[in-house]
Amino acid sequence: FSGVFTPNILTILGLILFLRMEFVVGQAGLWGALAIVIIGNLISLLTGFSLSAIATNMTVRAGGNYYIISRSLGLEIGGAIGIPLYLSQAISVAFYIIGFTEALQAVEFFAVLDPRLIATSVLLLFVIIAYAGADFALRIQYLILAVLAFGLVSFFIGGVMSFGTAEPPALNPNFSEDVTFWAVFAIFFPAVTGIEVGTSLSGDLKDPSRSIPIGTIASILFTAVVYIAVTVVFAFTLNSQQLLGESLAMRRIAFIPDAILAGVWASTLSSALGSVLAAPRTLQAIANDAVAPRWMASQMGSRTEPRMAVLITGAIGLAVIWAGDLNAVAPVISMFFLNTYG
């Protein structure tokens, strides 16, 4: 529960849920959005089944998906998939922090600050936390989970109270120029890639062969229900113009609007924290196999933490923060993850 299920759902119910689901429903309509959610979750579910089948047939050590693939298919294929997997996890750190910054600027005090400076400050804080160790990060996840749950409950209470008020309901596609079904899918897909996080912490689990299958499948099914419910509430509560007109449309629906701000801050920070723990462990496993230079696996005096890999991940995150916005970064992450899942 604490090593796989909770980190997974904190990552899956994150940035896309709070900041981009209104975009998905507004562009694709109810039926298109449900198709996108179902296709995305079917991909992660099939991947989860494969992951579970392999994890129960071998001793899973540190390195998560990279370790499983490389020990099943060899280092050549493992490396060819593991390096893009690591890059996708490292880019995800910046992706979630950019999302946190976008939500933070809904508060007037932060709106005047340069978002890249805010994002850089958060990234440096998280690199310090990951450098110190995973134990502290895992201890604070229950507090984050409580804040996230409070935001979602507030949204669904408000959704039930105002259900059916959309004039007209957002049932049909309303694609903007140059936006297609698959472009919207590419922006949504990083939402369901949170199943990486629990697996990537495989070296820290007491019984990975039992925890990975149960935690992964349960987290996929639970979050799929949440995404479907949010899609339906959006479609019948706000019309397409309202959905596309603001990036925090959840606040308009929620019983306590500020609970959504707290939820999005908690979820994006937890997703970034999960990625900043997962990515260095993947790189360390790759370097230990000499697929990447061995110095990248250096623990720099720590008994358990891949500190050199943490610093490299921080450097990649910094480069992405200063290079792009959410809609530019999301399709890049989607392609890396789809490569790994395939």
Side-chain angles (χ1 to χ4, degrees), residues 8-42 44-45 99 102-103 106 144-176 179 181 184-185 187-192 194 218-268 270-271 326 330:
N8 280 2
I9 65 168
L10 284 176
T11 308
I12 297 169
L13 299 179
L15 174 58
I16 301 296
L17 177 69
F18 284 97
L19 291 182
R20 286 299 177 268
M21 279 311 293
E22 59 269 80
F23 172 84
V24 172
V25 179
Q27 293 282 358
L30 173 64
W31 308 118
L34 286 176
I36 287 169
V37 170
I38 290 168
I39 292 169
N41 277 282
L42 279 176
S44 66
L45 184 63
E102 183 178 306
I144 295 171
L145 183 63
V147 176
L148 176 64
F150 177 61
L152 282 174
V153 168
S154 174
F155 170 76
F156 284 120
I157 291 173
V160 169
M161 291 171 63
S162 54
F163 194 81
T165 56
E167 290 292 339
L171 301 180
N172 300 312
N174 186 32
F175 292 119
S176 305
V179 176
F181 177 88
V184 177
F185 176 82
I187 288 172
F188 168 79
F189 190 74
V192 299
S219 64
I220 292 169
L221 296 176
F222 176 79
T223 54
V225 171
V226 173
Y227 271 102
I228 289 170
V230 168
T231 300
V232 172
V233 169
F234 267 143
F236 285 99
T237 310
L238 299 174
N239 62 42
S240 295
Q241 283 68 36
Q242 291 170 320
L243 289 167
L244 294 173
E246 53 188 292
S247 66
L248 266 172
M250 272 191 167
R251 292 183 76 190
R252 185 191 283 233
I253 298 171
F255 183 64
I256 305 174
D258 286 345
I260 299 301
L261 278 182
V264 70
W265 295 341
S267 66
T268 49
S270 67
S271 299
L326 282 187

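- Judged purely by atom type and a 3.5 angstrom limit, S162 has no side-chain atom pairing as donor or acceptor with the backbone of T237.
- The 12-atom threshold is not exceeded at CZ of F255, counting heavy atoms of other residues, nucleotides or ligands nearer than 6.0 Å.
- For the pair P168 and N239, the tightest heavy-atom approach, listed with the atom from each and the gap, is O-CB, 3.2 Å.
- Of the inter-residue distances, the one linking F234 atom CZ with Q242 atom CD reads 11.5 Å to the nearest 0.5 angstrom.
- Taken to the nearest 0.5 Å, the CD1 atom of I253 stands 12.5 Å off from the CE atom of M161.
- The line from OG1 of T268 to CG of L148 is 10.0 Å long, rounded to the nearest 0.5 Å.
- Take V147 and apply the side-chain contact (heavy atoms from CB on, under 4.5 Å) test, not counting sequence neighbours, and it matches A262, A266.
- Interatomic distance, I220 CD1 to L42 CG, rounded to the nearest 0.5 Å: 10.5 Å.
- Taking the side chain as every heavy atom from C-beta outward, L238 and E22 never approach each other to under 4.5 Å.
- A224 pairs by the side-chain contact (heavy atoms from CB on, under 4.5 Å) definition with N41, not counting sequence neighbours.
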side-chain contact (heavy atoms from CB on, under 4.5 Å) assessment of I9 paired with S219: CA-CA 6 Å; I9 65 168; S219 64; 3.7 Å; yes
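- Taking the side chain as every heavy atom from C-beta outward, V25 and L30 never approach each other to under 4.5 Å.
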From CA spacing to verdict: side-chain contact (heavy atoms from CB on, under 4.5 Å), L244, F23: CA-CA 6 Å; L244 294 173; F23 172 84; 4.2 Å; yes
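- Counting only residues at least two apart or in different chains, side chain to side chain donor-acceptor pair (under 3.5 Å) contacts with residues 165-176 comprise Q27-S176.
- Residue G40 comes nearest to V192 through the heavy atom pair O-CG2, 3.6 Å, listed as atom of the first residue, atom of the second, then distance.
- For the residue pair V179 and V184, the shortest heavy atom distance occurs at CG1-CG2, 3.6 Å.
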Evaluation steps, side-chain contact (heavy atoms from CB on, under 4.5 Å), between I39 and F181: CA-CA 12 Å; I39 292 169; F181 177 88; 4.3 Å; yes
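- Minimum interatomic distance between L19 and G99 (heavy atoms only, all atoms of both residues): CD1-O, 3.3 Å.
- Distance check: S240 OG to L171 CG gives 8.5 Å after rounding to the nearest 0.5 Å.
- Among residues two or more places apart in sequence or in another chain, the ring pair (Phe, Tyr, Trp, His ring centres under 6.0 Å) test is passed with F236 by F163.
- Side chain of S271 to main chain of L10: a donor-acceptor pair is present (N/O by atom type, distance under 3.5 Å, no hydrogens or angles).
- Between E102 and R20, at least one side-chain nitrogen of the basic residue sits less than 4.0 Å from a carboxylate oxygen of the acidic one, meeting the salt-bridge criterion.
- Residues that satisfy the ring pair (Phe, Tyr, Trp, His ring centres under 6.0 Å) test with F222, not counting sequence neighbours, are absent from this structure.
- Taking 4.5 Å as the limit, some side-chain heavy atom of R251 sits within range of a side-chain heavy atom of D258.
- In this structure F188 satisfies the ring pair (Phe, Tyr, Trp, His ring centres under 6.0 Å) test together with Y227, sequence neighbours excluded.
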Step-by-step side-chain contact (heavy atoms from CB on, under 4.5 Å) determination, V230 to F156: CA-CA 8 Å; V230 168; F156 284 120; 3.6 Å; yes
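- In this structure, F185 has its ring center closer than 6.0 angstrom to the ring center of F189.
- We find the CZ-CD1 distance between F150 and I260 to be 9.0 Å, quoted to the nearest 0.5 Å.
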